[in-house]
Protein chains: 2
Amino acid sequence: MAQGPGGSGQHGETLLFLTDEQLRKGIEAMFFAYKGFTSDPDRILEERGYGRAHHRAIHFIHRSHGTTVNNLLAILGVTKQSLNRVLRTLIEDGLVESRVGTRDKRERHLFLTERGLVLERELSDAQQARVRDAFRAAGPGAVAGFRTVLEAMMDPDMRRRYQRLTENGR
Amino acid sequence: MAQGPGGSGQHGETLLFLTDEQLRKGIEAMFFAYKGFTSDPDRILEERGYGRAHHRAIHFIHRSHGTTVNNLLAILGVTKQSLNRVLRTLIEDGLVESRVGTRDKRERHLFLTERGLVLERELSDAQQARVRDAFRAAGPGAVAGFRTVLEAMMDPDMRRRYQRLTENGR
DNA sequence: GTTTTATGTCAGCCTTGTTGACATTGCTAG
DNA sequence: CTAGCAATGTCAACAAGGCTGACATAAAAC
C-alpha cells in the first residue's frame, strides 16, 4: 500500500523517517536550531565580555547550588584548566562564590552570588523565551517527541547525568 | 480535572510543557544532545587534522554541488576570512575543487573531489548512525515532533535557508 | 568609465579547548 | 603516623576557529 510522504507505520515497516534524506534533514535541523538556540544569550554575554563557556558554568552552578568543581567538570566535559579559567573570572567579578567544603575540606562548593543570579536570570530569560515560543508553536506532542529524540542522541554517560539532573529537579 | 505530570491538553490549557522546569529540561537536552551529535565526526576529523568547521564546509558543499562561496558563507554564518582558512586547506589537500563560474566568472563553484566524497561518506555514516539509532528508538511521531520544534527554534533567515535546502532535495 | 560584487589574503586579536608539569591541602588506608 | 591518593589551583604553551580591518584583483553592472 502506498504511504504518503512523512507517513509511517507503527514499528518497523517502511521506516520512511529513516531514509538518508530524512536523516540529513534531521542533521541539518540540529545545526541550524543550535545556532538559534545560542544566539540570544551570546549577544548578552558579549556585552559583558563573557563567552558561551561562562554561560554554561553559570547555568549549571545555578541548577545545582553548591556543586563541586569536580562535578561541574564532569557535566561540562572539559578539562579543569579550561573550566578554571572561566571560573576564576566569574569569582573575581563577584558572580560566583566558592566555599570550602564542610565535610571534605578539599572540595569547593560553588554558588551564584546576588549579581550572579541577576545575570543568570537575564541569560535564562532570553534563552527560555526562544524555547518557549518554539514549544508553544510546536505543541505538547511535538515537545515530547523533541525531548525523546534528544535524549536518545546523548552519550549514555551524559544521558544518565541529564536524567539525574531532571529527576531531582531544582 | 487533574492532569498527570507531562500530560497536557490540545491547545492552550494548562501548558504544563511551558513551565520553567520544562523549559530548563529542554535547554539542557539541547546541550547534552548536541555534544553527542558532534562527537563521532569529531573523532574522525581529529585523526585527519581537521576540525568541525571542515566538516560543516564538506557537508554543505556535498549537499549543494557547485554552490558558490557567497552562498556557503550565508549558510554557515561565518566571515569569509574564517571560511577561507578552512576552504583553502580542503582545496590544497585535494578534497574540494573550486571552478570559475561560467556565467559569472567572478564566482567560484565548489565541488567535492573523489577524495572529498570519501571523507564525506565516512563523516556522514558516523553521524547518521547516531541519528538513525535515536530516530529508531524514538519512533516516527517523536521524530516529527523533534523536527517541528527544531524548526521553530531557528532564526527566520536560517529557517528559510533550511526549508529551501530540504525542498529541493539533495 | 566608474562603481559594485565576488573572492582571496595578510595581520592581529579573542575565546575556549587541549597537554604537561607542578604545588597545596586534606582525606584515607596501612 | 606516614605514605599515597584525591580535589583543586596554576603556569606555560599550543591549536582551532571565531572576529575585525585593510587591501588587491577581476569581472559584472550601471
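A note on names: the letters A, B, ... follow the listed sequences, proteins ahead of strands, and every chain is numbered from 1. None of the values given here were measured: they were computed from a predicted structure.
Side-chain contact between B:Arg63 and A:Glu28 is present, with heavy atoms from C-beta onward closer than 4.5 Å.
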Name each donor-acceptor pair under 3.5 Å that joins a side chain in residues 66-77 of chain A to protein atoms two or more places apart or in another chain, with its distance.
unit_1: A:Thr67; atom_1: OG1; unit_2: A:Asn71; atom_2: ND2; d: 2.7
unit_1: A:Thr68; atom_1: OG1; unit_2: A:Asn71; atom_2: N; d: 3.2

Show me the side-chain donor-acceptor pairs of residues 142-149 of chain A shorter than 3.5 Å, one per line, residues at least two apart or across chains.
unit_1: A:Arg147; atom_1: NH1; unit_2: A:Tyr162; atom_2: OH; d: 2.4
unit_1: A:Thr148; atom_1: OG1; unit_2: A:Ala144; atom_2: O; d: 2.8

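Atom pair B:Glu92:CD and C:dG8:P shows a separation of 12 Å (rounding to whole Å applied). Residue B:Leu76 contributes atom CG, which lies 11 Å from atom P of D:dC19 at whole-angstrom precision. What separates CZ of B:Arg99 from C1' of D:dA27 is a distance of 20 Å, to the nearest Å. With rounding to whole Å, A:Leu90 atom CG is found 13 Å from C:dT15 atom P. Protein atom NE2 of B:His55 is 12 Å distant from nucleotide atom P of D:dG17, rounded to whole Å. Here the P atom of nucleotide C:dT19 and the CD atom of B:Glu46 are 9 Å apart, to the nearest Å. Counting to the nearest Å, the C1' atom of C:dG17 and the OH atom of B:Tyr50 are 21 Å from each other.
Scanning for salt bridge (charged side-chain N to carboxylate O under 4.0 Å, His left out) contacts around A:Asp40 gives A:Arg43, A:Arg130, with sequence neighbours left out. Take B:Ser98 and apply the side-chain hydrogen bond (donor to acceptor under 3.5 Å, both in side chains) test, not counting sequence neighbours, and it matches no residue.
Within the structure, every side-chain polar atom (N or O) of A:Ser82 is placed at least 4.0 Å from both OP1 and OP2 of C:dT16. Under 4.0 angstrom from either OP1 or OP2 of C:dG17 there lies no side-chain N or O belonging to A:Thr79. For B:His54 and D:dG17, the shortest distance from a side-chain N or O to OP1 or OP2 is below 4.0 Å. Side-chain nitrogen and oxygen atoms of B:Arg56 include at least one within less than 4.0 Å of the OP1 or OP2 phosphate oxygen of D:dG18.
Where A:Gly77 and A:Gly49 meet DNA chain C, the nucleotide closest to each residue was compared, and A:Gly49 sits on the side nearer the 5' end.
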- [ ] Produce a footprint string for nucleotides 6-12 of chain D: one letter per nucleotide, 5' end first; B if the base is under 4.0 Å from any protein heavy atom, S if only the sugar-phosphate is, - if neither.
- [x] BSBBBB-

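Counting any heavy atom pair closer than 4.0 Å across all strands shown, A:Arg85 reaches a base atom.
Taking every heavy atom of both residues into account, B:Gln22 and B:Leu18 meet most closely at CB-N, 4.4 Å.
Within the structure, the side chain to side chain donor-acceptor pair (under 3.5 Å) test picks out no pair touching residues 132-144 of chain A (sequence neighbours left out).
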